[in-house]
Protein chains: 2
Amino acid sequence: MAFPKLSKLELQIMEVLWNNGPTAIRDIQESFGPKGRPAYTTVQTMVYRLETKKALRRARKIGNAHIFEAVISRDAAKARLVDEFLSMFGGRMQPVMAQLIEAGNLSSADVADAEKLLRDLAAKKKKEA
Amino acid sequence: MAFPKLSKLELQIMEVLWNNGPTAIRDIQESFGPKGRPAYTTVQTMVYRLETKKALRRARKIGNAHIFEAVISRDAAKARLVDEFLSMFGGRMQPVMAQLIEAGNLSSADVADAEKLLRDLAAKKKKEA
DNA sequence: GCTACGCTCTTACCGTTGTAGTAGGACGCG
DNA sequence: CGCGTCCTACTACAACGGTAAGAGCGTAGC
């Protein structure tokens, strides 16, 4: 399949690769901040699983350490997440928007941004039609 | 904890209770539509698990069949879902909105609804400040 | 009253996720 | 060259979610 499902921790690992570019396991693990981070081998296991899922690959070696890089794009992953989420709401968009807008702690700036996006989208839809 | 995490299938079951009020397992199962629905005992297992999670309870019996009713409200469950989802995006609201608006297949009506919600929210925020 | 059908309860199994230990190879420093 | 450190690769395991089979009991209808 083109697109594997990623769990929360897997996503956090991908996030590091998306932000930092190719990274060694040790650096991924340390990027979790000193407290409450998972053990080195935990991160390692997740990275290996991401590898079999083809979400990342071994780019090269430095010394005996592998350097991993993302294969899947951040946008693709997030689109997948959105789909997943939508399906929880029966696939209907409107209640999701409503819930997000009401329950999420939106700042005024967030609201303004969202409005702009919606206006742009509305305009685009009009043109298409 | 006050609020258990519900999986997809668990949510679908709760959905039936929220829509229909107190319901027997057989009716929950049948509400999944004749094709591709899970076996009776599968639904039953999920219902039992929801019971131990205190998401629903046995309301009464009809003959020897239990009738179950929701304990958790739909809004509470969906709020929980939204939180869960947000945490996947690092808790920041804006990118989530952006992703949803761009990637979700919004109808024109959805867009209009969302805009209205946002306008109301903006107005409310102004008044608060 | 007996029988059959439906419901309950119990038990089980597999895949995924998160967690980590351990054994052994490689590398670099003194 | 030898020792410690670091990384790899493998293995393990528990919780959870989805799936369901099997045994047994109650009720309703004949």
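Proteins get letters first, then strands, A, B, ... in listed order; numbering begins at 1 in each.
- Near-neighbour residues of DNA chain D inside residues 7-24 of chain A, defined by a heavy atom below 4.0 Å, are absent.
- For A:Glu84, the salt bridge (Lys or Arg N to Asp or Glu O under 4.0 Å) partners at least two apart in sequence or on another chain are A:Arg80.
- As rounded to whole Å, 14 Å separates atom C1' of D:dT8 from atom CD1 of A:Ile28.
- Each of A:Ala65 and A:Arg49 has a nearest nucleotide on DNA chain D; the 5'-most of these lies closest to A:Ala65.
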So which protein nitrogen or oxygen atoms get under 3.5 Å of nucleotides 21-30 of chain D's nitrogens or oxygens?
unit_1 : atom_1 : unit_2  : atom_2 : d
D:dA21 : N7     : B:Thr41 : OG1    : 3.3

(message) side-chain contact (heavy atoms from CB on, under 4.5 Å), that's the test. Do A:Leu17 and A:Ile28 meet it? Break it down for me.
(response) CA-CA 8 Å; A:Leu17 299 191; A:Ile28 295 173; 4.0 Å; yes
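- Connection of B:Ile72 to B:Ile67 is not established within any shared hydrophobic cluster, with ILVMFWY side chains joined at heavy-atom distances below 4.5 Å, either directly or through further cluster members.
- Through ILVMFWY side-chain contacts below 4.5 Å, B:Val71 is grouped with nothing and stands alone.
- Sorted by first then second residue, the ring pair (Phe, Tyr, Trp, His ring centres under 6.0 Å) pairs that include residues 29-75 of chain A, not counting sequence neighbours, number zero.
- At the phosphate of D:dC10, neither OP1 nor OP2 sits under 4.0 Å from any side-chain N or O atom of A:Tyr48.
- In this structure, A:Tyr40 places its OH atom 16 Å from P of D:dT5, rounding to the nearest Å.
- Residues that satisfy the salt bridge (Lys or Arg N to Asp or Glu O under 4.0 Å) test with B:Arg74, not counting sequence neighbours, are B:Glu15.
- The side chain to side chain contact (heavy atoms under 4.5 Å, CB included) search around A:Glu10 returns A:Leu6, A:Ser7, A:Met46, A:Arg49, A:Leu50, A:Lys53, not counting sequence neighbours.
- Among the protein residues, B:Arg26 comes within range of the sugar-phosphate backbone only, with heavy atoms under 4.0 Å from sugar or phosphate atoms but none that close to a base.
- With sequence neighbours excluded, the residues satisfying side chain to side chain contact (heavy atoms under 4.5 Å, CB included) with A:Ser73 are A:Asp75, A:Ala76.
- In this structure, A:Arg58 does not reach the D:dC7 phosphate: none of its side-chain N or O atoms is under 4.0 Å from OP1 or OP2.
- Residues passing the side chain to side chain contact (heavy atoms under 4.5 Å, CB included) test with A:Ser87, sequence neighbours excluded: B:Lys8.
- No engagement by A:Arg37 is indicated, since no non-hydrogen atom pair under 4.0 Å with the nucleic acid exists.
- DNA chain C is contacted by both B:Ile67 and A:Met46; B:Ile67 maps to the nucleotide lying nearer its 5′ end (nearest heavy atom per residue).
- Using a 4.0 Å cut-off, some side-chain N or O of B:Lys53 falls inside it from OP1 or OP2 of D:dG17.
- Applying the ring pair (Phe, Tyr, Trp, His ring centres under 6.0 Å) rule to A:Phe85 yields the partners A:Phe89, B:Phe85; only residues at least two apart in sequence or on another chain are considered.
- If you walk DNA chain C from 5' to 3' and mark each nucleotide with an atom closer than 4.0 Å to a heavy atom of chain B, the marks span C:dG6 to C:dT10.
- Taking the salt bridge (Lys or Arg N to Asp or Glu O under 4.0 Å) definition, one finds that B:Lys54 meets it with nothing, sequence neighbours left out.
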